[in-house]
Novice: 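Here it is: the structure, laid out below.
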Amino acid sequence: MMTRKECENLLSVAVQYSEVDEVFAVLNVTDSCARGVVGLALQAPHRMRNAELSVTVRKGRRYAMASGNVHDESNVRELVARAATAATQMPEAPEAPPFPGAVEIIEAPIQRETAITRALEGLDDAIASFRGNPTFDSIQMYGRVTSAKSALALASSNGLFLYQPSSLANAHLRCFSADGTSTGFAEQYTMDPAMLRLSDLLSEAASNCHEWKSPSDIKPGRITTVFEPRALADMLRPMMQQFSRRAIEQDQSFLRKLDGSSFLGSQLFLEEINLRSDPYDARLGSMPFTADGQPVRAESWITKGVISQLITDRYDAIKSGEKETAPPTNLIMDVTDPVQDVIAGTEYGLLVKGFANLNILDPKNCLLSGSTRDGVFLIEKGKITKAVRNLVIRETPVYLFKELLALGVPEITSTTGSYFPMLLPPIRVKDVMYTQLSGLV
Amino acid sequence: MQRRTFLKSSAALGAASLLPWKAIPAASSPAEAPSDEWLQDAVSEARALGAEQAEALYISHRQQSLQVRKDGVHSISDSEEAGTTLRVRFGSFLGSASVPDIRRGTPAECARAAVECAKLQQGLQKEREEALAMPPEPDIKILPRIDSVGELQGSWRPEGIEDPFLTSLDERIAFLKNLNKTALRITQIPYAVSNQFLQRRSSLYVDSRGNRKEQLQFATYVNFAVTAFNQQKRRMDTRTSEREAQATGWAGATANMESELETAMQEVLRMQQSDPVTPDTYDLVIHPSMLWNLFLETLLPHFDPRQLTERDGRAPGDRWITLSKLNERPLRSQALRLSWDATLPGGLATSKWDDTGHATGSNRLLDENGVVHGIPRSPDLIATDPVYRGGSFPGFNFSRAAAWHTPATVAMPNMILEGGPGKNLNDLIADVDNGLFLKGRGTVMTNPAKTLFRVRPQAAWIIRGGKIAEMVREVEIETTTDQFWSAMEEAGRSEDTFLGGELFPQRAFPLWDTPFSIATPPALFRRIPVYRVEGQS
């Protein structure tokens with residue numbers, strides 16, 4: 001892994017290029033290993049080191065970018081020169097704010113010393129014991145285990161230099177029953193490769209597959225729903241994007257009032273709703289700065305149901321004079337009086353564990369649509385009674401926070417398929433809208 | 001003679017034949033490759049650490065895309081990546097490590113990383129075999145032997161093709177701007193966009209059997225789209241260029257493009273005046289500019305080895321053709337004959353050797369009786385998954401690395417939909433009393449299983465009494481993959497074959513991540529349901 005000093009030396013060559021007005025350079029260094037599981041056959045393990053440099057230059061009001069991993073000193077100069085040549089051909093941008101300057105950011109403690117290959121060490125055994133378990137006979141398992149140490153280094157010709165090392169191991173597994181009518185999913189992210197629970201994840205995916213066997217049809221409509229933390233995370237991520245001042249200005253956010261101003265300072269949600277982020281929270285390791293050099297600070301986004309902060313990018317901050325506020329890199333929902341068992345208090349409803357293809361239908365009210373996936377169950381009289389077929393949800397997370405019935409005990413989770421750590425409770429919400437059966441397995 | 005000395009002298013001899021490559025000006029030169037010695041040392045170190053075989057593949061990949069909208073450059077992106085992947089084999093177990101050009105490290109470090117990867121599975125595997133009384137691993141002889149690849153040393157680049165990066169950026173931009181300018185002279189054409197994608201891939205393969213294979217490949221794709229707008233009728237129609245990405249230089253990719261633009265402009269203006277199609281069942285004559293893409297989107301996915309073997313990560317039961325159903329001969333058209341050819345001139349997957357050092361070739365994939373003769377596979381699939389071994393899998397080897405940092409694995413070679421006995425396009429049209437002639441890469445939508453599809457061709461004409469009549473608009477075909485390809489009655493002659501190609505296949509097919517070409521003649525399909533796209537304008 002390249003050290004802070006090595007990254008600084010390399011980036012300094014790029015940002016000292018004098019034929020342009022400004023240079024901004026991003027160096028992404030990785031050392032990773034990965035192994036795939038394909039129908040219970042294991043692919044050969046692969047290790048990869050890389051150091052990828054991307055350079056953006058500004059010449060007057062013209063910008064251009066070039067990238068590559070071919071960079072000793074002379075190659076770095078060639079890469080910047082290539083971007084400079086391209087810039088002369090580009091149209092002028094309406095605005096040309098300067099690239100970021102020097103800023104001090106404390107490194108976040110998001111790197112572990114454990115060897116990355118440790119993540120793969122238990123995979124053969126885990127698969128062998130899984131194969132030997134008659135309960136899981138005929139299950140088809142697919143997935144991938146990856147483990148990486150990375151460093152992100154940024155520099156600009158205006159004196160910026162930032163460096164952040166990190167580590168992340170991930171296993172995601174999907175399985176199907178032999179007849180293809182049932183599926184299960186399990187996923188884990190951890191900073192320490194030694195903490196991957198491969199056997200547990202295999203069993204979890206297979207158990208989910210078994211539990212969801214022979215699902216029944218239910219009539220779509222408004223149904224009280226318990227969302228597990230991962231399902232809630234999938235819904236909150238698009239919502240957080242709408243906290244951006246730019247989105248509000250462009251009428252792409254539920255936080256825009258009819259007069260064009262924002263709901264900052266307004267109570268939109270129930271008082272129980274508190275949402276904050278903190279890149280230095282040890283439980284939810286995340287980056288303390290963005291790839292364009294914006295510092296990520298601890299922020300409170302919703303306080304007792306009141307919108308208390310908005311995302312302000314560098315360009316908007318210069319234009320409006322507001323404080324620059326980066327988007328969150330993690331999310332924490334504090335719950336003061338959690339319900340121990342959210343399901344137990346549900347007379348009739350659904351338990352939703354996750355989603356597939358969740359998309360924004362209407363950004364103006366953050367209306368989302370997608371299919372439930374990886375576990376939908378009917379709850380009757382406080383108990384899970386049967387699996388039900390996947391449904392198309394058509395709902396906004398704004399509604400979830402307005403019609404909340406109960407908050408459970410927060411758990412560490414992440415959005416499905418990508419690392420965005422969150423500490424979220426399971427929640428019970430009244431009358432969530434489902435429009436039809438999705439037909440998805 | 002010491003192995004390294006032998007290779008050094010061979011490399012010196014080989015260098016003479018590579019002068020044009022070396023002569024590339026510094027401003028666009030490929031990244032400095034690791035020395036032969038570095039690659040040889042990495043291979044030797046891996047052998048010294050106990051690997052039975054080792055192979056090192058260096059790849060340098062440069063790409064640039066450029067878009068001009070109306071009279072101005074809209075975007076330029078430029079990237080260059082290079083590095084080496086070392087793969088080792090212990091018995092039937094593989095492991096690999098990739099290192100970038102920068103901070104390549106020592107050959108010994110790279111070898112240790114690859115060996116460490118392989119050993120992550122080896123020790124455990126032995127224990128597991130005993131514990132679970134697994135059947136013994138297959139005879140290693142079924143793995144393709146690296147020493148069976150013919151000549152050991154060589155270099156190759158496509159004949160007569162100049163590196164497209166040698167044409168200056170200014171010159172290329174001027175060409176694209178000129179295309180747009182020509183189109184925008186017509187008042188009814190308010191929008192014109194042109195694009196350029198260039199790729200150059202240089203590779204050096206070295207292995208523990210003494211192979212040293214050096215190759216250079218190019219891909220150039222220049223295209224345009226012209227949009228006509230009829231304010232009175234509120235109609236908007238777009239026609240794009242028909243030429244697809246090919247392994248060619250700038251001159252080859254742009255030759256006669258102005259006349260192609262004229263044709264596209266005339267067609268798009270005529271489309272504005274045309275009437276909607278009457279929904280019915282029609283005989284279709286499909287121009288190869290549309291057919292290659294239909295083949296790519298609807299039929300070819302069913303011949304992916306990972307789909308056939310149900311190793312594509314999809315739900316079981318969600319596939320039309322599987323390995324176990326191959327004998328059922330699901331394709332019923334005798335006109336449908338497919339070949340693969342990794343030596344096809346201009347093909348995006350054309351090379352002299354694949355990325356495991358094997359000489360490339362060509363052969364039949366599907367014959368007129370629906371018999372499948374061979375599907376691509378690769379040594380790594382054979383090594384890791386028993387389903388690819390043995391006689392039940394009618395395979396041939398073709399491996400390519402998607403990037404410098406991924407080990408070579410099974411890849412799609414160039415595909416050919418074979419031509420018929422000698423009918424040209426007009427002959428095919430003459431065989432139709434009431435039908436449609438369809439042309440241009442259309443928008444294809446499929447279900448996830450690729451068993452149903454819907455396509456909207458760019459341009460359509462009525463065929464009446466064996467002759468092309470008026471143009472029609474708002475044409476849509478919706479049918480099943482099975483019904484459509486089974487309805488193929490005749491393929492046009494091979495001389496009319498058109499070379500389409502997918503430069504970025506991973507966009508639509510995550511399992512295919514290296515470019516390949518598809519050659520198709522025109523073809524006649526009988527009784528295909530055609531619908532009208534309501535409100536297309």
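Note on naming: letters A, B, ... go to the chains in the order of the sequence lines (proteins, then strands), and numbering restarts at 1 for each one. All heavy atoms count here, side chains included; hydrogens, waters and symmetry mates do not.
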Novice: Within a 6.0 Å radius of atom CZ on Arg4(A), are there more than 12 heavy atoms belonging to other residues, nucleotides or ligands?
Specialist: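 Yes, the 6.0 Å shell around CZ holds more than 12 heavy atoms from other groups.
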Novice: For chain A, find which of Asp170(B), Thr85(B), Asp380(B) contributes the most heavy-atom pairs closer than 4.5 angstrom.
Specialist: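 Answer, by heavy-atom pair count under 4.5 Å with chain A: Asp170(B).
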Novice: Can you tell me which of Gly83(B), Gly313(B), Ser79(B), Gly95(B) forms the most heavy-atom pairs within a distance under 4.5 Å of chain A?
Specialist: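 It is Gly313(B).
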Novice: Non-hydrogen atoms of chain B under 4.5 Å away: do they reach the side chain of Thr183(A), the backbone, both or neither?
Specialist: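 For Thr183(A), neither part sits under 4.5 Å from chain B.
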Novice: Quick check: closest heavy atoms across Pro100(B) and Ala51(A), and the distance to 0.1 Å?
Specialist: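 Closest approach of Pro100(B) to Ala51(A), heavy atoms only: CG-N, 4.2 Å.
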Novice: Looking only at heavy atoms and a cut-off of under 4.5 Å, which of Ala113(B), Ser77(B), Pro407(B) has the most pairs with chain A?
Specialist: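 Of Ala113(B), Ser77(B), Pro407(B), Pro407(B) has the most heavy-atom pairs under 4.5 Å with chain A.
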Novice: Would you compute the distance between atom CG of Leu123(A) and atom CG of Leu120(B) and round it to the nearest 0.5 angstrom?
Specialist: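 If I round to the nearest 0.5 Å, the distance is 9.5 Å.
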Novice: At a heavy-atom distance under 4.5 Å, which candidate from Asp78(B), Thr384(B), Leu66(B) has the highest pair count against chain A?
Specialist: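 Highest number of heavy-atom pairs under 4.5 Å: Asp78(B).
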Novice: Just jot down the side chain to side chain donor-acceptor pair (under 3.5 Å) partners of Trp212(A), sequence neighbours excluded, or say none.
Specialist: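 None.
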Novice: Using heavy-atom distances under 4.5 Å, tell me whether His61(B) contacts chain A through its side chain, its backbone, both, or neither.
Specialist: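 No part of it gets close to chain A.
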Novice: Can you say whether Ile76(B) sits under 4.5 Å from chain A via the side chain, the backbone, both, or neither, judging by heavy atoms?
Specialist: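 Interface part for Ile76(B): both.
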Novice: Got a second to check how far Met48(A)'s CE is from Cys117(B)'s SG, nearest 0.5 Å?
Specialist: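 So the gap between those two atoms works out to 12.0 Å.
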Novice: Drop me the distance from Ser98(B)'s OG to Asp31(A)'s CG, to the nearest 0.5 angstrom.
Specialist: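 It comes to 11.0 Å.
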Novice: CZ of Arg47(A) to CD of Glu116(B): how many Å apart, nearest 0.5 Å?
Specialist: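 Result: 5.5 Å between the selected atoms.
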Novice: Under 4.5 Å from any heavy atom of chain B, what part of Ala64(A) do you find: side chain, backbone, both or neither?
Specialist: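 Contact with chain B: none, neither part.
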Novice: Considering only heavy atoms, which portion of Gln64(B) lies under 4.5 Å from any heavy atom of chain A: side chain, backbone, both, or neither?
Specialist: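 For Gln64(B), there is no contact with chain A at all, as no heavy atom is under 4.5 Å.
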Novice: Can you name the closest pair of heavy atoms from Asp385(B) and Val38(A) and give their distance?
Specialist: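 So the two residues come closest at OD2-O, 4.4 Å.
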Novice: Tell me every residue that passes side chain to side chain donor-acceptor pair (under 3.5 Å) with Ser32(A), counting only those two or more places apart in sequence or in another chain.
Specialist: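 By the side chain to side chain donor-acceptor pair (under 3.5 Å) rule, Ser32(A) matches no residue at all.
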Novice: With heavy-atom distances below 4.5 Å as the criterion, would you say the side chains of Arg314(B) and Gln140(A) are in contact?
Specialist: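 No, side chains not in contact.
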Novice: I'd like to know if the side chain of Asn69(A) and the backbone of Ala82(B) have a donor-acceptor N/O pair within less than 3.5 Å.
Specialist: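 Answer holds: yes.
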Novice: Donor-acceptor check, side chain of His46(A) to backbone of His405(B), threshold 3.5 angstrom: yes or no?
Specialist: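 Yes, because the side chain of His46(A) sits within donor-acceptor range (under 3.5 Å) of the backbone of His405(B).
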Novice: List the atom of Leu169(B), the atom of Ala86(A), and the distance in Å for their closest heavy-atom pair.
Specialist: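 Scanning both residues, the minimum pair turns out to be CD2-CA, 4.3 Å.
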Novice: For residues Gln89(A) and Val73(B), report the shortest heavy-atom separation together with the two atoms involved.
Specialist: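 Here Gln89(A) and Val73(B) meet closest at O-CB, 3.2 Å.
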Novice: Is it the backbone or the side chain of Ser177(A) that comes under 4.5 Å from a heavy atom of chain B, or both, or neither?
Specialist: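 Ser177(A) touches chain B through backbone heavy atoms alone.
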Novice: Check the surroundings of atom CG in Asp71(B): do more than 12 heavy atoms from other residues, nucleotides or ligands lie under 6.0 Å from it?
Specialist: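 No, because the 6.0 Å sphere around CG of Asp71(B) holds 12 heavy atoms or fewer from other groups.
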Novice: Quick one: what part of Met2(A) sits under 4.5 Å from any heavy atom of chain B, side chain, backbone, both or neither?
Specialist: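 Both the backbone and the side chain of Met2(A) come within 4.5 Å of chain B.
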Novice: Which answer fits Met65(A), side chain, backbone, both or neither, if we ask what part of it has an atom under 4.5 Å from a heavy atom of chain B?
Specialist: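 Backbone only.
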Novice: CZ of Phe93(B) to CG of Leu42(A): how many Å apart, nearest 0.5 Å?
Specialist: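 So the CZ of Phe93(B) and the CG of Leu42(A) are separated by 10.0 Å.
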Novice: From Glu80(B) CD over to Ser67(A) OG, what is the distance, rounded to the nearest 0.5 angstrom?
Specialist: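 Going from CD on Glu80(B) over to OG on Ser67(A), the span is 10.0 Å.
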Novice: With a 4.5 angstrom heavy-atom cut-off, could you sort out which part of Ala81(A) is near chain B: side chain, backbone, both or neither?
Specialist: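 Contact with chain B is absent: no heavy atom of Ala81(A) under 4.5 Å.
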Novice: Measure across Ala315(B) and Gly180(A) and return the closest heavy-atom pair with its distance rounded to 0.1 Å.
Specialist: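 Closest pair (atom of Ala315(B), atom of Gly180(A), distance): CB-O, 3.9 Å.
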Novice: I'd like to verify something: which residue of Leu40(A), Thr88(A), Thr117(A), Thr85(A) has the highest number of heavy-atom pairs under 4.5 Å with chain B?
Specialist: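 Most heavy-atom pairs within the cutoff with chain B belong to Thr117(A).
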Novice: Could you look at Asp179(A) and say if it's the side chain, the backbone, both or neither that has a heavy atom under 4.5 Å from chain B?
Specialist: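 Just its backbone gets close to chain B.
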Novice: Would you check if there is a donor-acceptor pair between the side chains of Arg35(A) and Gln121(B) at a distance under 3.5 Å?
Specialist: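 Their side chains do contain a donor-acceptor pair, which is all the 3.5 Å distance test asks for.
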Novice: Under a 4.5 Å heavy-atom cut-off, does chain A meet the side chain of Ile173(B), its backbone, both or neither?
Specialist: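 For Ile173(B), the contact with chain A is made by the side chain alone.
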